[in-house]
Amino acid sequence: MHPVQKHLFDTNFRDLSGTKLEGTIALSDELINLGILDFLQQLQKPDTDTPKAKSEAPAASSAMPNPADLLKMVTIEEVKYRTEAGRTMVDIKAGIK
Amino acid sequence: MPTVPAPLQVLLDHPSKHLEGTDIQLVLPIGRSLLNEVLDARPADTPVQELLLDPEANNLVNLHLGVKAPVLGSVRRKITFRPKGSVSFPNQPWLHFDITDGFKMFDKPIIKLMQGQIAERLPKGIELTSDHLRLHLPALLTSAGYQALVPLIKNLRLTSEANVLILQLHLKA
(Lines give C-alpha, C1' and ligand atoms only; values in the text may rest on other atoms or scores of the structure.)
Protein backbone atom coordinates (compact mmCIF):
# COMPACT_ATOMS: atom_id res chain seq x y z
CA MET A 1 0.00 0.00 0.00
CA HIS A 2 1.23 3.50 -0.85
CA PRO A 3 2.49 5.26 2.32
CA VAL A 4 0.13 8.22 1.76
CA GLN A 5 -2.84 5.88 1.40
CA LYS A 6 -1.75 4.00 4.53
CA HIS A 7 -1.49 7.27 6.47
CA LEU A 8 -5.02 8.26 5.38
CA PHE A 9 -6.40 4.88 6.45
CA ASP A 10 -4.48 4.80 9.75
CA THR A 11 -5.79 8.24 10.71
CA ASN A 12 -9.35 7.75 9.37
CA PHE A 13 -8.82 10.66 6.95
CA ARG A 14 -8.46 13.06 9.91
CA ASP A 15 -5.88 15.12 7.97
CA LEU A 16 -8.50 15.95 5.34
CA SER A 17 -11.01 17.28 7.87
CA GLY A 18 -12.87 20.32 6.51
CA THR A 19 -12.88 19.10 2.89
CA LYS A 20 -15.82 20.41 0.84
CA LEU A 21 -16.98 19.25 -2.58
CA GLU A 22 -19.73 20.95 -4.54
CA GLY A 23 -20.85 20.68 -8.14
CA THR A 24 -21.49 18.10 -10.83
CA ILE A 25 -19.43 15.00 -11.54
CA ALA A 26 -20.04 13.50 -14.99
CA LEU A 27 -18.69 10.10 -16.00
CA SER A 28 -18.88 8.59 -19.48
CA ASP A 29 -20.71 5.30 -20.03
CA GLU A 30 -17.43 3.82 -21.26
CA LEU A 31 -15.73 4.66 -17.96
CA ILE A 32 -18.63 3.31 -15.87
CA ASN A 33 -18.55 0.04 -17.83
CA LEU A 34 -14.77 -0.24 -17.40
CA GLY A 35 -15.30 0.29 -13.67
CA ILE A 36 -17.91 -2.48 -13.52
CA LEU A 37 -15.58 -4.81 -15.41
CA ASP A 38 -12.67 -3.99 -13.10
CA PHE A 39 -14.88 -4.52 -10.02
CA LEU A 40 -16.02 -7.92 -11.26
CA GLN A 41 -12.43 -8.93 -12.01
CA GLN A 42 -11.39 -7.90 -8.49
CA LEU A 43 -14.19 -10.07 -7.05
CA GLN A 44 -12.84 -13.08 -8.93
CA LYS A 45 -9.22 -12.53 -7.89
CA PRO A 46 -9.39 -13.78 -4.25
CA ASP A 47 -10.17 -17.35 -5.47
CA THR A 48 -6.61 -17.76 -6.73
CA ASP A 49 -4.97 -15.87 -3.84
CA THR A 50 -6.99 -17.24 -0.91
CA PRO A 51 -4.17 -18.83 1.11
CA LYS A 52 -1.93 -15.75 0.75
CA ALA A 53 -4.76 -13.37 1.55
CA LYS A 54 -5.64 -15.30 4.71
CA SER A 55 -2.06 -15.31 5.96
CA GLU A 56 -1.86 -11.54 5.50
CA ALA A 57 -5.25 -10.81 7.01
CA PRO A 58 -4.14 -9.50 10.45
CA ALA A 59 -1.73 -6.91 9.02
CA ALA A 60 -4.17 -5.83 6.31
CA SER A 61 -7.12 -5.44 8.65
CA SER A 62 -5.20 -3.09 10.94
CA ALA A 63 -4.43 -0.84 7.95
CA MET A 64 -7.94 -0.69 6.51
CA PRO A 65 -10.33 2.01 7.71
CA ASN A 66 -13.54 1.11 9.48
CA PRO A 67 -16.33 2.01 6.99
CA ALA A 68 -18.69 2.99 9.83
CA ASP A 69 -16.11 5.43 11.25
CA LEU A 70 -15.54 6.91 7.79
CA LEU A 71 -19.26 7.43 7.15
CA LYS A 72 -19.60 9.26 10.48
CA MET A 73 -17.08 11.81 9.22
CA VAL A 74 -18.85 12.50 5.93
CA THR A 75 -21.62 15.08 5.64
CA ILE A 76 -23.80 14.90 2.53
CA GLU A 77 -26.15 17.82 1.96
CA GLU A 78 -27.23 16.86 -1.54
CA VAL A 79 -26.80 13.99 -3.98
CA LYS A 80 -28.83 13.96 -7.20
CA TYR A 81 -28.28 11.17 -9.69
CA ARG A 82 -29.29 11.65 -13.30
CA THR A 83 -28.24 10.58 -16.76
CA GLU A 84 -27.69 12.29 -20.07
CA ALA A 85 -26.92 10.69 -23.42
CA GLY A 86 -23.75 8.64 -22.98
CA ARG A 87 -23.00 9.73 -19.42
CA THR A 88 -23.92 9.53 -15.76
CA MET A 89 -24.21 12.77 -13.79
CA VAL A 90 -24.12 13.24 -10.02
CA ASP A 91 -24.89 16.65 -8.53
CA ILE A 92 -23.25 16.62 -5.13
CA LYS A 93 -22.67 18.82 -2.11
CA ALA A 94 -20.68 16.99 0.52
CA GLY A 95 -17.77 17.29 2.89
CA ILE A 96 -15.60 15.71 5.57
CA LYS A 97 -16.28 16.92 9.15
CA MET B 1 5.54 1.00 -8.19
CA PRO B 2 1.81 0.59 -7.53
CA THR B 3 -0.26 -0.17 -10.62
CA VAL B 4 -3.06 2.22 -11.47
CA PRO B 5 -6.48 0.53 -11.85
CA ALA B 6 -7.49 0.30 -15.52
CA PRO B 7 -10.53 2.65 -15.28
CA LEU B 8 -8.45 5.31 -13.51
CA GLN B 9 -5.72 5.03 -16.14
CA VAL B 10 -8.30 5.49 -18.92
CA LEU B 11 -9.67 8.51 -17.05
CA LEU B 12 -6.19 10.05 -16.65
CA ASP B 13 -5.35 9.42 -20.32
CA HIS B 14 -8.51 11.12 -21.64
CA PRO B 15 -10.08 13.17 -18.82
CA SER B 16 -11.83 15.68 -21.11
CA LYS B 17 -13.67 12.85 -22.87
CA HIS B 18 -14.63 10.80 -19.82
CA LEU B 19 -15.45 13.72 -17.50
CA GLU B 20 -17.25 15.95 -20.03
CA GLY B 21 -19.97 17.87 -18.19
CA THR B 22 -18.10 17.86 -14.88
CA ASP B 23 -18.03 21.19 -13.06
CA ILE B 24 -16.85 20.83 -9.48
CA GLN B 25 -15.39 23.01 -6.74
CA LEU B 26 -13.17 21.37 -4.15
CA VAL B 27 -11.80 22.82 -0.94
CA LEU B 28 -9.16 20.44 0.37
CA PRO B 29 -7.48 21.26 3.69
CA ILE B 30 -4.36 19.08 3.97
CA GLY B 31 -3.12 18.54 7.51
CA ARG B 32 0.59 18.96 8.31
CA SER B 33 1.31 15.26 8.92
CA LEU B 34 -0.39 14.17 5.67
CA LEU B 35 1.42 16.92 3.77
CA ASN B 36 4.77 15.66 4.99
CA GLU B 37 3.81 12.07 4.28
CA VAL B 38 3.23 13.16 0.66
CA LEU B 39 6.63 14.92 0.58
CA ASP B 40 8.31 11.81 2.06
CA ALA B 41 6.91 9.79 -0.84
CA ARG B 42 8.83 11.91 -3.38
CA PRO B 43 10.91 10.07 -5.99
CA ALA B 44 14.26 8.79 -4.68
CA ASP B 45 16.21 10.75 -7.30
CA THR B 46 14.93 14.13 -6.05
CA PRO B 47 18.06 16.21 -5.27
CA VAL B 48 16.80 17.10 -1.78
CA GLN B 49 18.01 15.54 1.48
CA GLU B 50 15.40 17.06 3.78
CA LEU B 51 11.99 18.46 2.87
CA LEU B 52 9.40 19.40 5.48
CA LEU B 53 6.44 21.80 5.27
CA ASP B 54 5.09 23.64 8.27
CA PRO B 55 1.97 25.70 7.41
CA GLU B 56 1.34 28.70 9.66
CA ALA B 57 -1.53 31.11 10.22
CA ASN B 58 -1.68 34.36 8.21
CA ASN B 59 -1.00 32.57 4.92
CA LEU B 60 2.65 31.74 5.64
CA VAL B 61 4.31 28.38 4.98
CA ASN B 62 7.69 27.35 6.41
CA LEU B 63 9.76 25.02 4.29
CA HIS B 64 12.56 23.14 6.03
CA LEU B 65 14.97 22.29 3.28
CA GLY B 66 18.26 20.42 3.12
CA VAL B 67 20.06 20.33 -0.24
CA LYS B 68 23.50 19.82 -1.66
CA ALA B 69 24.13 23.13 -3.40
CA PRO B 70 26.97 23.99 -5.77
CA VAL B 71 29.82 25.92 -4.05
CA LEU B 72 27.97 26.03 -0.72
CA GLY B 73 27.96 22.25 -0.16
CA SER B 74 25.32 20.84 2.18
CA VAL B 75 22.85 23.59 3.08
CA ARG B 76 19.91 23.56 5.49
CA ARG B 77 17.46 26.42 5.62
CA LYS B 78 14.02 27.26 7.00
CA ILE B 79 12.45 29.38 4.27
CA THR B 80 9.11 31.14 4.71
CA PHE B 81 6.80 31.47 1.73
CA ARG B 82 3.58 33.38 1.18
CA PRO B 83 1.34 31.85 -1.53
CA LYS B 84 0.11 34.61 -3.82
CA GLY B 85 -2.69 34.69 -6.36
CA SER B 86 -4.13 31.69 -8.11
CA VAL B 87 -3.55 29.60 -11.19
CA SER B 88 -6.12 29.86 -13.96
CA PHE B 89 -5.90 28.41 -17.42
CA PRO B 90 -4.83 29.36 -19.92
CA ASN B 91 -3.93 32.89 -18.82
CA GLN B 92 -2.08 32.37 -15.53
CA PRO B 93 -0.19 29.05 -15.41
CA TRP B 94 2.21 29.95 -12.56
CA LEU B 95 1.64 29.16 -8.90
CA HIS B 96 3.53 31.96 -7.19
CA PHE B 97 5.09 32.06 -3.71
CA ASP B 98 6.81 35.15 -2.32
CA ILE B 99 9.81 34.31 -0.15
CA THR B 100 9.38 36.44 2.95
CA ASP B 101 12.16 35.09 5.17
CA GLY B 102 14.83 32.43 5.56
CA PHE B 103 17.77 33.24 3.34
CA LYS B 104 20.94 34.09 5.25
CA MET B 105 23.14 37.10 4.57
CA PHE B 106 25.09 35.69 1.64
CA ASP B 107 22.32 33.50 0.19
CA LYS B 108 20.64 36.18 -1.89
CA PRO B 109 23.79 37.46 -3.69
CA ILE B 110 24.91 33.85 -4.29
CA ILE B 111 21.50 32.91 -5.70
CA LYS B 112 21.60 35.99 -7.95
CA LEU B 113 25.13 35.11 -9.14
CA MET B 114 24.24 31.49 -9.80
CA GLN B 115 20.76 32.08 -11.23
CA GLY B 116 21.70 30.35 -14.51
CA GLN B 117 23.07 27.22 -12.80
CA ILE B 118 20.09 27.02 -10.44
CA ALA B 119 17.68 27.19 -13.38
CA GLU B 120 19.61 24.38 -15.11
CA ARG B 121 19.49 22.09 -12.05
CA LEU B 122 15.86 22.61 -11.11
CA PRO B 123 13.25 20.42 -12.79
CA LYS B 124 11.46 22.08 -15.72
CA GLY B 125 8.57 24.14 -14.40
CA ILE B 126 10.21 25.25 -11.15
CA GLU B 127 11.68 28.74 -10.97
CA LEU B 128 13.58 29.95 -7.91
CA THR B 129 14.99 33.42 -7.39
CA SER B 130 16.07 35.16 -4.19
CA ASP B 131 12.58 36.69 -3.91
CA HIS B 132 10.16 34.09 -5.11
CA LEU B 133 9.42 30.52 -6.08
CA ARG B 134 7.16 29.87 -9.06
CA LEU B 135 5.71 26.55 -10.18
CA HIS B 136 4.52 26.24 -13.78
CA LEU B 137 1.64 23.83 -13.30
CA PRO B 138 1.20 22.74 -16.94
CA ALA B 139 4.93 21.89 -17.19
CA LEU B 140 4.92 19.96 -13.89
CA LEU B 141 1.75 18.04 -14.76
CA THR B 142 3.17 17.28 -18.21
CA SER B 143 6.45 15.93 -16.80
CA ALA B 144 4.42 13.76 -14.39
CA GLY B 145 2.46 12.33 -17.35
CA TYR B 146 -0.80 14.19 -16.60
CA GLN B 147 -0.76 16.72 -19.45
CA ALA B 148 -4.37 15.94 -20.37
CA LEU B 149 -5.55 17.22 -16.96
CA VAL B 150 -4.20 20.73 -17.58
CA PRO B 151 -7.17 22.15 -19.57
CA LEU B 152 -9.60 20.97 -16.86
CA ILE B 153 -8.08 23.13 -14.12
CA LYS B 154 -10.03 26.40 -14.29
CA ASN B 155 -8.72 27.74 -11.00
CA LEU B 156 -6.28 26.58 -8.34
CA ARG B 157 -5.31 28.46 -5.21
CA LEU B 158 -3.17 27.57 -2.20
CA THR B 159 -3.50 29.26 1.17
CA SER B 160 -2.20 28.44 4.61
CA GLU B 161 -3.62 28.28 8.13
CA ALA B 162 -1.99 26.92 11.28
CA ASN B 163 -0.90 23.31 10.51
CA VAL B 164 -3.08 23.15 7.38
CA LEU B 165 -2.39 23.91 3.73
CA ILE B 166 -5.65 24.61 1.89
CA LEU B 167 -6.04 23.72 -1.78
CA GLN B 168 -9.00 25.30 -3.60
CA LEU B 169 -9.64 23.77 -6.98
CA HIS B 170 -12.23 24.37 -9.72
CA LEU B 171 -12.32 21.57 -12.29
CA LYS B 172 -14.42 21.82 -15.44
CA ALA B 173 -14.53 19.42 -18.37
Side-chain angles (χ1 to χ4, degrees), chain A residues 1-43 45 63 65 73-75 77-97, chain B residues 1-44 51 53-55 148 152-155 157-173:
Chain A
M1 188 185 293
H2 192 279
V4 174
Q5 188 184 0
K6 184 176 184 314
H7 178 89
L8 284 169
F9 286 180
D10 287 349
T11 58
N12 266 342
F13 292 79
R14 186 188 58 225
D15 281 328
L16 295 178
S17 172
T19 296
K20 288 178 191 158
L21 184 70
E22 184 173 2
T24 301
I25 299 170
L27 300 173
S28 70
D29 285 355
E30 186 185 342
L31 194 68
I32 296 278
N33 285 314
L34 272 170
I36 292 169
L37 183 66
D38 190 61
F39 175 69
L40 292 175
Q41 285 174 341
Q42 292 297 324
L43 285 181
K45 265 188 182 173
M73 295 178 64
V74 176
T75 53
E77 288 183 46
E78 182 192 327
V79 177
K80 194 168 92 183
Y81 171 87
R82 59 196 166 94
T83 57
E84 287 185 5
R87 57 195 60 252
T88 293
M89 323 281 283
V90 180
D91 301 322
I92 188 164
K93 188 174 181 185
I96 299 176
K97 284 179 203 166
Chain B
M1 182 131 179
T3 52
V4 178
L8 182 58
Q9 190 59 57
V10 168
L11 174 67
L12 291 172
D13 289 344
H14 305 285
S16 297
K17 177 184 168 192
H18 294 295
L19 293 176
E20 189 186 345
T22 294
D23 187 350
I24 196 108
Q25 306 258 7
L26 173 70
V27 178
L28 186 69
I30 309 169
R32 185 180 185 278
S33 59
L34 176 61
L35 204 56
N36 287 304
E37 199 71 55
V38 172
L39 292 179
D40 277 349
R42 65 185 178 272
L51 193 60
L53 272 177
D54 178 21
L152 275 62
I153 301 174
K154 295 304 163 198
N155 195 276
R157 175 185 290 269
L158 273 183
T159 51
S160 173
E161 291 179 6
N163 295 315
V164 184
L165 196 65
I166 301 168
L167 172 74
Q168 291 170 269
L169 180 65
H170 179 196
L171 281 178
K172 193 171 180 183

Q.
Other residues, nucleotides and ligands only: do more than 12 of their heavy atoms fall within 6.0 Å of NZ on A:Lys20?
A.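 No, not enclosed.
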
Q: Count the heavy atoms belonging to other residues, nucleotides or ligands that lie under 6.0 Å from CD of B:Glu161, then report whether that count exceeds 12.
A: no

Q: Select, from A:Arg14, A:Glu84, A:Glu30, the one with the greatest count of heavy-atom pairs under 4.5 Å involving chain B.
A: A:Glu30

Strictly less than 4.5 Å between heavy atoms, which residues of [range] line up against chain A? Please order them by number.
{"range": "residues 11-24 of chain B", "answer": "B:Leu11, B:Lys17, B:His18, B:Leu19, B:Glu20, B:Gly21, B:Thr22, B:Asp23, B:Ile24"}
{"range": "residues 28-40 of chain B", "answer": "B:Leu28, B:Pro29, B:Ile30, B:Gly31, B:Ser33, B:Leu34, B:Glu37, B:Val38"}
{"range": "residues 165-173 of chain B", "answer": "none"}

Q. What parts of residues 88-97 of chain A touch chain B if we use heavy atoms and a cut-off under 4.5 Å?
A. A:Met89, A:Ile92

Q) Can you tell which of A:Leu37, A:Ile36, A:Asp38 makes a side-chain contact (heavy atoms from CB on, under 4.5 Å) with A:Leu40? A)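 The side-chain contact (heavy atoms from CB on, under 4.5 Å) with A:Leu40 is passed solely by A:Ile36 among A:Leu37, A:Ile36, A:Asp38.
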
(Q) Using side-chain heavy atoms (C-beta onward) and a distance below 4.5 Å, is B:Asn163 in contact with B:Asp54? (A)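 In short, these two side chains touch, coming nearer than 4.5 Å.
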
Q: Select one option (side chain, backbone, both, neither) describing which atoms of A:Ser17 are under 4.5 Å from chain B's heavy atoms.
A: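 The backbone, not the side chain.
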
